[in-house]
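Everything quoted here is computed from the prediction, not taken from an experiment.
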Amino acid sequence: MKKKFICLLPILLLLTFTLSAYTIPTYKSNKTIQIVSNLSESIIKKDYFDDFFRNPEVKIIKNEIQINLEVPNLFNNMEARGQFVLLEKFSRDLRYFLFHDYKKYNLYCITIKLTANTKINSFKYINKLKNEKLVYSDESKLLLNKKVIFTSSELKEPKELSSPYEVEIVHGYKDIDIFNYSLHFFKILTSNGRDYHPKEDDILVLNAVKDKFEISTDEYNKIYHKYYLLY
């Protein structure tokens with residue numbers, strides 16, 4: 001009887017390990033999907049997104065965040081640039097919050113794919129990081145019925161996108177000037193991003209901006225989040 005039990009023990013241990021290995025990723029997957037779903041809903045409710053995007057359906061497959069969005073038929077009538085900017089803003093907002101609020105899950109550094117279908121067209125937007133360390137150094141493209149119609153490289157003149165942004169005065173300074181200073185300081189500190197160490201450098205940039213313009217952390221974060229799509 002003892003021998004039978006001893007022989008069965010390794011099998012039971014193996015089965016227990018296998019079940020544990022299976023359930024842990026499933027739990028993590030459900031957790032991360034819920035995080036991305038909640039963030040997507042929150043982003044859609046902000047600004048103008050509620051008029052264009054609805055009911056996000058989220059999947060996370062092979063290190064990709066895949067989100068299907070419902071869009072109205074008027075989306076078909078927009079210029080490619082306008083369609084791209086809407087999807088680019090959504091993607092960057094999502095990556096911003098994944099980096100700042102849910103960094104431990106490492107979702108901020110994986111590819112984001114957005115799909116949107118109307119009665120006559122199929123849109124697919126793909127956003128990838130050039131370097132996992134440089135969260136806001138990315139490249140993206142928009143496809144219409146499997147054909148590329150716009151890319152991030154075509155946004156050569158950031159000023160063209162600036163019209164929706166109303167410049168505000170913060171402690172006597174234009175908020176766009178505060179942002180440009182932080183960007184310039186970052187480029188000098190990190191050799192234009194080539195020598196970027198997030199934990200140390202983010203704090204140094206933040207402190208430099210706060211000291212120069214006498215603003216709070218919340219004020220800086222609001223300014224950065226407002227303008228970073230332009231760069």
Side-chain angles (χ1 to χ4, degrees), residues 32 35-50 53 65 84-110 112 114 127-140 152 155-231:
T32 53
I35 288 171
V36 176
S37 295
N38 290 343
L39 285 176
S40 298
E41 291 281 4
S42 176
I43 292 167
I44 286 172
K45 288 177 182 177
K46 289 170 45 187
D47 303 326
Y48 48 84
F49 287 122
D50 195 38
F53 304 146
I65 295 173
F84 178 86
V85 168
L86 282 173
L87 294 164
E88 177 91 338
K89 181 72 164 61
F90 179 93
S91 170
R92 285 204 166 192
D93 279 355
L94 179 60
R95 204 181 287 282
Y96 175 92
F97 289 118
L98 289 173
F99 178 70
H100 286 278
D101 298 339
Y102 300 96
K103 193 172 184 179
K104 67 179 181 179
Y105 294 101
N106 291 322
L107 292 168
Y108 66 88
C109 58
I110 65 178
I112 296 174
L114 307 176
N127 178 277
K128 296 181 179 181
L129 292 187
K130 297 177 183 177
N131 185 326
E132 288 185 6
K133 289 185 177 181
L134 302 176
V135 180
Y136 306 118
S137 177
D138 55 5
E139 54 188 6
S140 44
S152 51
L155 293 175
K156 294 178 182 178
E157 296 295 334
K159 291 180 181 178
E160 292 180 18
L161 289 176
S162 62
S163 57
Y165 298 89
E166 182 178 348
V167 174
E168 298 176 84
I169 303 299
V170 180
H171 295 274
Y173 299 95
K174 293 180 180 179
D175 58 358
I176 186 65
D177 291 339
I178 296 173
F179 176 80
N180 283 331
Y181 176 84
S182 71
L183 188 67
H184 181 67
F185 188 91
F186 171 83
K187 288 181 177 180
I188 293 175
L189 179 66
T190 64
S191 300
N192 208 28
R194 290 188 297 272
D195 189 27
Y196 177 45
H197 305 285
K199 288 184 179 179
E200 299 86 3
D201 296 341
D202 287 350
I203 294 173
L204 290 172
V205 172
L206 174 62
N207 288 338
V209 175
K210 287 170 64 177
D211 289 345
K212 181 172 178 62
F213 299 100
E214 298 182 343
I215 62 175
S216 68
T217 300
D218 287 342
E219 286 171 326
Y220 171 71
N221 285 338
K222 181 181 177 181
I223 293 168
Y224 188 87
H225 190 223
K226 176 181 178 180
Y227 286 112
Y228 78 101
L229 174 64
L230 304 182
Y231 294 86

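Counting all heavy atoms, side chain and backbone alike, I112 lies closest to L114 at CG2-CD2, 3.9 Å. In plain terms, the two heavy atoms of D177 and F213 that are nearest each other are O-CZ, 4.4 Å. Considering all non-hydrogen atoms of both residues, Y96 and N221 come closest at OH-O, 3.8 Å.
Here the straight-line distance linking atom CZ of F186 with atom CG of L183 works out to 8.0 Å at 0.5 Å rounding. T32 OG1 to N106 CG: the interatomic distance, rounded to the nearest 0.5 Å, is 11.0 Å. Distance CG/L204 to CG/L189: 5.5 Å, rounded to 0.5 Å. In this structure, NE2 on H100 lies 7.0 Å from CG on D202, to the nearest 0.5 angstrom.
Electrostatic pairing of D175 and K222 does not count as a salt bridge here, judged by no charged N lying under 4.0 Å from a carboxylate O.
Residues V205 and Y220 meet the side-chain proximity criterion, which asks for heavy atoms closer than 4.5 Å. Side-chain atoms of N127 and R95, non-hydrogen and from C-beta on, do get closer than 4.5 Å to each other. Taking 4.5 Å as the limit, some side-chain heavy atom of I35 sits within range of a side-chain heavy atom of L98. Between K130 and D138, every side-chain heavy-atom pair lies at or beyond the 4.5 Å cut-off. A heavy-atom distance below 4.5 Å is found between the side chains of F53 and L86.
No donor-acceptor pair under 3.5 Å is formed between the side chain of S91 and the backbone N or O of L87. Within the 3.5 Å criterion, the main-chain N or O of N38 finds no donor-acceptor partner in the side chain of S42.
Under the rule for a ring-ring contact (aromatic ring centres under 6.0 Å, His included), the partners of F97 that lie at least two apart in sequence or sit in another chain are H225. Listed by chain and number, the residues in a ring-ring contact (aromatic ring centres under 6.0 Å, His included) with Y102 amount to none (sequence neighbours excluded).
Results of the side-chain contact (heavy atoms from CB on, under 4.5 Å) test with S182 over V209, I223, L206 single out V209 as the only residue that passes. None of K128, R92, E88 except one satisfies the side-chain hydrogen bond (donor to acceptor under 3.5 Å, both in side chains) rule with S140; the exception is E88.
Within a 6.0 Å radius of CD in E214, no more than 12 heavy atoms belonging to other residues, nucleotides or ligands are found. Atom NZ of K210 has more than 12 heavy atoms from other residues, nucleotides or ligands within 6.0 Å.
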>> Using the rule given for side-chain contact (heavy atoms from CB on, under 4.5 Å), can you reason through I188 versus H184, listing the C-alpha separation, both sets of side-chain angles and the distance that settles it, and then say yes or no?
In response: CA-CA 6 Å; I188 293 175; H184 181 67; 3.2 Å; yes

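A centroid separation of 6.0 Å or more is found between the aromatic rings of Y173 and Y181.
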